[in-house]
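Sequence lines set the chain letters: A, B, ... in the order given, protein chains first and strands last, and positions in each chain run from 1. The figures here come from the full heavy-atom set of this structure, side chains too, leaving out hydrogens, waters and symmetry mates.
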Number of protein chains: 2
Amino acid sequence: MTFVLVVDDEPHIRRTLTINLRARDYEVEAAADGRSALQIIHERTPDVIVLDLGLPDLDGVEVLRRLRQTSRVPVVVLSARHDSDDKVEALDAGADDYVTKPFGMDEFLARIRAAIRRGASDEHDHFVVESEDFVLDFGERQATGGDGGEIRFTPTEWRLLETLAKKPGHLVTHAELLKAAWGPAYGRELNYLRVYANQLRRKIEPDPGAPVHLVTEPGIGYRFFV
Amino acid sequence: MTFVLVVDDEPHIRRTLTINLRARDYEVEAAADGRSALQIIHERTPDVIVLDLGLPDLDGVEVLRRLRQTSRVPVVVLSARHDSDDKVEALDAGADDYVTKPFGMDEFLARIRAAIRRGASDEHDHFVVESEDFVLDFGERQATGGDGGEIRFTPTEWRLLETLAKKPGHLVTHAELLKAAWGPAYGRELNYLRVYANQLRRKIEPDPGAPVHLVTEPGIGYRFFV
DNA sequence: ACGGACCTTGACGCGATCTTGACGGGCGTC
DNA sequence: GACGCCCGTCAAGATCGCGTCAAGGTCCGT
């Protein structure tokens with residue numbers, strides 16, 4: 001089921017969008033302000049987010065920026081403002097699309113479909129990785145050790161592990177990992193990677209001193225083996 | 001350099017967009033009809049495509065459909081029609097964004113940036129060189145010997161090998177190799193090359209004393225044979 | 001305000017890698 | 001045959017990248 005998050009402070013709009021989306025068999029959750037939106041996103045990443053710019057607490061663009069630190073979820077921005085500068089700002093902050101109120105429902109739904117289609121490419125969200133030493137369930141965000149005990153990961157550790165596990169056996173460069181786990185603004189903080197690679201190894205490697213799952217490719221990046 | 005393809009039958013629009021994009025340091029190519037657009041795409045995939053719907057030969061939506069059978073390149077559709085149905089059709093055919101003429105250049109450029117940002121899903125060049133004695137996978141940075149065992153190369157060795165392997169059979173001069181592997185400041189450190197050519201031969205030549213893959217051209221440079 | 005979980009940042013040691021200089025051999029020229 | 005040029009070979013020292021650790025700092029919920 002495709003999961004859509006609608007963020008708008010006007011109850012009327014929230015209601016209209018929710019009803020129309022539910023009628024198309026989307027699973028919809030609604031938030032009235034930025035904080036609760038970020039909260040929901042943290043708990044469960046939506047497949048697409050509909051975001052109004054004029055929010056009571058945080059600015060919509062600010063929500064977008066924070067979101068983009070950690071995620072690539074498609075975001076369709078909604079706004080009453082026709083001002084071109086606002087559009088530019090939102091798009092550069094990481095919005096995928098910008099729809100001006102008032103808008104036709106058909107067009108809106110088509111843009112949502114387009115956004116979901118794009119997002120679907122890199123998120124095989126519900127996949128599970130199993131090995132002798134651990135089971136990683138990326139759909140449920142849950143990990144089990146070889147002895148059956150739960151392994152706990154921090155959000156950043158999990159994001160790293162996920163981008164590595166998406167391409168088992170393949171080289172993933174430093175830059176790719178930093179972008180995926182910390183956001184597009186990070187590119188040179190190699191020490192972060194060293195610290196986290198270390199932490200991951202302690203949790204998934206039988207012998208962290210001689211890693212077999214998380215292998216480093218000197219000067220380039222890392223490689224994950226199931 | 002980011003490569004943008006502009007497809008529009010109106011010379012005036014083509015010119016305006018090309019000039020504005022080039023001013024932002026994009027590499028731009030323009031096509032006036034659908035067939036030549038598909039031709040260009042076939043030769044070299046752009047990072048983003050700007051596509052007008054009203055083309056003289058093929059319909060824009062048709063171009064989009066054919067394109068989407070083979071590629072996921074971001075496409076920004078341009079149209080004079082405000083009609084909602086057209087938007088829906090284009091978006092469902094695979095467009096990433098839909099901009100209605102007339103539009104502000106700032107907004108247009110922001111949408112282009114957004115499209116490029118999404119499309120940049122860091123896939124590296126995936127060229128592979130195979131011979132009896134080894135397989136070199138430059139996308140994965142992985143090398144296998146004739147016996148199936150892994151061959152390990154240091155970062156500098158890879159850079160050298162890559163610049164040589166890009167032109168199999170062709171002469172590559174000392175200066176080219178030094179610039180590619182060590183940077184533009186290096187040009188006279190021939191001894192580096194000797195040391196590394198030596199190391200490479202030990203790893204890829206069946207008989208390092210009589211090299212067949214990495215051949216030296218006295219006084220000029222080296223030549224790589226598959 | 002307090003405490004805990006998490007993220008950031010700097011320092012340090014070790015091993016791999018790079019740099020540098022020296023030496024010897026093949027080849028052509030004088 | 002002697003010399004110079006260019007290349008291959010080797011090994012020692014310098015440097016770099018990585019793993020490791022621990023001390024703040026930040027953000028959150030209680």
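Remark: C1' of dG19(D) and CG of Asp207(A) are 14 Å apart, rounded to the nearest angstrom. Rounded to whole Å, the distance from CG on Leu190(A) to P on dC18(D) is 7 Å. Rounded to an integer number of Å, the gap from Lys203(B) NZ to dT17(C) C1' is 10 Å. Between the CG atom of Leu193(A) and the P atom of dC18(D) there is a distance of 9 Å, rounded to whole Å.
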Could you encode protein contacts along nucleotides 19-30 of chain C as a string, one character per nucleotide from 5' to 3', using B for base contact, S for sugar-phosphate-only contact and - for no contact, with a heavy-atom cut-off of under 4.0 Å? BB----------
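Among residues two or more places apart in sequence or in another chain, the side chain to side chain contact (heavy atoms under 4.5 Å, CB included) test is passed with Lys167(B) by His170(B), Glu176(B). Partners of Val61(A) by side chain to side chain contact (heavy atoms under 4.5 Å, CB included), not counting sequence neighbours, listed by chain and number: Leu53(A), Asp59(A), Arg65(A), Glu89(A), Ala93(A). Taking Phe153(A) as the reference, Trp158(A) meet the ring pair (Phe, Tyr, Trp, His ring centres under 6.0 Å) condition, with sequence neighbours excluded. Annotation: side chain to side chain contact (heavy atoms under 4.5 Å, CB included) contacts of Arg159(B) (sequence neighbours excluded): Pro155(B), Thr156(B), Ala181(B). Every side-chain hydrogen bond (donor to acceptor under 3.5 Å, both in side chains) that Asn20(B) has, sequence neighbours left out, goes to Arg24(B). Residues passing the side-chain hydrogen bond (donor to acceptor under 3.5 Å, both in side chains) test with Asp52(A), sequence neighbours excluded: Lys101(A).
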Protein N or O to nucleotides 24-30 of chain D N or O, pairs below 3.5 Å:
none

Would you mind writing out the side-chain donor-acceptor pairs for residues 105-114 of chain B within the sub-3.5 Å range, not counting sequence neighbours?
residue   : atom : partner   : partner atom : Å
Glu107(B) : OE1  : Lys87(A)  : NZ           : 3.1
Glu107(B) : OE2  : Lys87(A)  : NZ           : 3.4
Glu107(B) : OE2  : Arg111(B) : NE           : 3.1
Glu107(B) : OE2  : Arg111(B) : NH2          : 3.4
Arg111(B) : NH1  : Asp97(A)  : OD1          : 3.1
Arg111(B) : NH1  : Asp97(B)  : OD1          : 3.0
Arg111(B) : NH1  : Asp97(B)  : OD2          : 2.8
Arg111(B) : NH2  : Tyr98(A)  : O            : 3.0
Arg113(B) : NE   : Asp92(A)  : OD1          : 2.7
Arg113(B) : NE   : Asp92(A)  : OD2          : 3.4
Arg113(B) : NH2  : Asp92(A)  : OD1          : 3.3
Arg113(B) : NH2  : Asp92(A)  : OD2          : 2.6

Would you tabulate the side-chain donor-acceptor contacts of residues 214-226 of chain A under 3.5 Å, counting partners in other chains and residues two or more places apart, or write 'none'?
residue   : atom : partner   : partner atom : Å
Glu217(A) : OE2  : Arg223(A) : NE           : 3.1
Arg223(A) : NH1  : Gly169(A) : O            : 3.0
Arg223(A) : NH1  : Glu140(B) : OE1          : 3.2
Arg223(A) : NH2  : Glu140(B) : O            : 2.7

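Comparing the end axes of the helix from dA1(C)-dT30(D) to dC30(C)-dG1(D), each fitted to five base pairs by superposing C1' atoms of four pairs onto the next four, gives an inter-axis angle of 30° (nearest 10 degrees).
Phosphate contact (OP1/OP2 of dT8(C), side-chain N/O of Arg194(A), threshold under 4.0 Å): absent.
Taking a 4.0 Å limit (strictly below) on heavy-atom distances, residues 214-226 of chain A reaches DNA chain D at Thr216(A), Pro218(A), Gly219(A), Tyr222(A).
Among the atoms of the strands shown, only primed sugar atoms or phosphate atoms (P, OP1, OP2) are found under 4.0 Å from some heavy atom of Arg202(B).
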